[in-house]
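Heavy atoms only: backbone and side chains are in, while hydrogens, waters and symmetry mates are out. None of the values given here were measured: they were computed from a predicted structure. Position 1 is the first residue of the sequence; numbering continues from there.
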Amino acid sequence: MKKILIGLCCTLFIVISCSKGSESTEDGTNNNLITPRVSAQVSNPLNEDPFTGILEIYPCNSGTSTYYGNYINGKISIFNGYYTIVQGDVFGQNNRELHLPFGFYNMVYWGTPKYDEPIYNAPAIRSPGITRGADLSQLYFSLRESSDNDGTYLPVYDLVYSVHETQIGKENIYASLRRVGSGIKVIVRQEDNGTFSDNIAGITVYIGSIAEKLNFFTAVAENMTKTVKFDLTRSDDATVMSNATVMLFPSGPNPLLELVVTLADGTERKLSQPLNSTLSPNTLLTLNVVLGKILPGGNPGDFTIEDWNETSETIEFPIID
């Protein structure tokens with residue numbers, strides 16, 4: 001997928017052509033169902049691009065958040081629609097198509113875009129178990145705990161979402177998706193633009209006030225009390241330590257940023273400061289960090305932050321002997 005656009009909502013147009021089906025029998029079977037034909041396009045104020053990624057569709061009873069289900073082999077089941085979309089069109093033969101009787105449904109859409117640019121390669125998330133008749137407004141996507149068992153959590157997938165009432169068999173579906181997470185990149189350099197010596201073994205980033213979970217039906221973020229961590233990678237020329245874009249659930253105001261610099265001898269230097277920026281849905285924050293010299297028993301020096309949202313903030317830490 002193209003780069004994440006700041007402050008821009010993505011619109012996905014899903015065009016479905018249908019025919020009329022019949023009501024199911026008492027045993028849940030139905031041999032006359034509508035099989036939607038799905039295509040997708042992502043639109044924003046700057047341009048239009050075909051959507052590439054995974055799209056899931058959860059049909060609910062009309063006007064409610066009660067999960068209706070989907071017909072598989074003519075019989076009602078718990079399995080939602082699942083599509084691989086490449087350049088706007090359904091790709092491959094292994095998609096799980098929607099098969100539904102004629103009528104109104106409240107469609108819930110969750111998608112994961114594919115990126116052309118690098119993105120954090122080990123995201124994780126806890127997904128809710130779905131049953132027929134479940135109230136999706138009582139279910140959540142939630143953070144997954146780090147395997148270090150230190151009370152921190154892992155970055156998440158990039159998620160797009162929408163909910164829209166649709167009359168299957170009578171109208172096309174136009175579902176406007178929006179990104180529900182926030183992207184962050186951290187780029188660390190030395191104050192003299194020099195190389196990172198072998199004295200620095202690694203840098204870990206901690207971001208606080210991150211939402212614990214997203215409501216499955218509304219995508220509203222809740223319980224902004226968690227801390228997510230991820231490591232930075234040294235560039236080939238050793239002049240930069242950075243990360244591919246990391247996706248997070250939204251944050252509360254002024255999330256606490258902490259950098260933990262681990263030295264070759266195992267000792268750590270810590271920098272922490274609340275950010276002026278809130279990690280809001282559909283934003284990408286780029287933090288440019290300049291480290292001063294690390295003195296024995298001291299902390300890194302200047303710490304400068306500039307974000308991609310046309311705002312900036314500067315945080316200075318004096319060198320401590």
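At most 12 non-hydrogen atoms from other residues, nucleotides or ligands lie less than 6.0 angstrom from CG of Asn94. Counting non-hydrogen atoms of neighbouring residues, nucleotides and ligands closer than 6.0 angstrom, the CG atom of Asn73 reaches no more than 12 such neighbours.
Using bins of under 30°, 30° to 60° and over 60° for the plane-to-plane angle, the ring pair Phe216/Trp110 lands in the tilted bin.
The closest side-chain donor-acceptor pair between Asp135 and Ser65 falls under 3.5 angstrom. A donor-acceptor pair shorter than 3.5 Å cannot be found between the side chains of Thr195 and Gln190.
With rounding to the nearest 0.5 angstrom, the OH atom of Tyr82 is 14.0 Å from the CG atom of Leu98. How far CG of Leu284 is from CD1 of Ile184: 8.5 Å, rounded to the nearest 0.5 Å. Atom-to-atom distance recorded for Lys226:NZ and Asn223:CG is 5.5 Å, nearest 0.5 angstrom. Annotation: the span from Thr262 atom OG1 to Asn199 atom CG amounts to 11.0 Å, rounded to 0.5 Å. The structure places CD1 of Ile207 at 4.5 Å from CG of Leu257, a figure rounded to the nearest 0.5 Å. How far CG of Leu232 is from NZ of Lys185: 11.5 Å, rounded to the nearest 0.5 Å.
Side-chain contact between Asn106 and Thr64: absent, with no pair of heavy atoms (C-beta onward) separated by less than 4.5 Å. Taking 4.5 Å as the limit, some side-chain heavy atom of Tyr67 sits within range of a side-chain heavy atom of Pro59. Residues Thr267 and Arg269 are in side-chain contact: their nearest non-hydrogen atoms beyond the backbone lie under 4.5 Å apart. The closest side-chain heavy-atom distance from Thr84 to Asn95 is below 4.5 Å. Contact annotation: the side chain of Ile125 approaches that of Phe249 to within less than 4.5 Å [non-hydrogen atoms, C-beta and beyond]. Side-chain contact check for Leu275 versus Pro255: some heavy-atom pair is nearer than 4.5 Å.
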Glu165 and Ser62: CA distance, side-chain angles, deciding distance, side-chain hydrogen bond (donor to acceptor under 3.5 Å, both in side chains) verdict: CA-CA 7 Å; Glu165 182 86 0; Ser62 176; 2.4 Å; yes
Steps toward side-chain hydrogen bond (donor to acceptor under 3.5 Å, both in side chains) verdict (Glu222, Tyr140): CA-CA 10 Å; Glu222 299 184 21; Tyr140 295 88; 3.2 Å; yes
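A donor-acceptor contact shorter than 3.5 Å is absent between the side chain of Thr227 and the backbone of Gly208. Remark: the backbone N or O of Glu97 is paired with a side-chain donor or acceptor of Asn70 at under 3.5 angstrom. Although no hydrogens or angles enter the test, the distance criterion places no donor-acceptor pair under 3.5 Å between the side chain of Ser146 and the main chain of Asn149. Using modelled atom types, no side-chain atom of Arg96 and backbone atom of Tyr83 make a donor-acceptor pair closer than 3.5 Å. Without hydrogens or angle criteria, Asp148 side chain to Asp150 main chain gives no donor-acceptor distance under 3.5 Å.
Each of Tyr105, Phe79, Tyr58 was checked for a ring pair (Phe, Tyr, Trp, His ring centres under 6.0 Å) with Tyr68, and the lone residue meeting it is Tyr105.
Taken together through direct or relayed side-chain contacts under 4.5 Å among Ile, Leu, Val, Met, Phe, Trp and Tyr, Val188 and Leu256 form parts of separate hydrophobic clusters. No chain of hydrophobic side-chain contacts below 4.5 Å, direct or via other Ile, Leu, Val, Met, Phe, Trp or Tyr residues, connects Met224 to Leu248.
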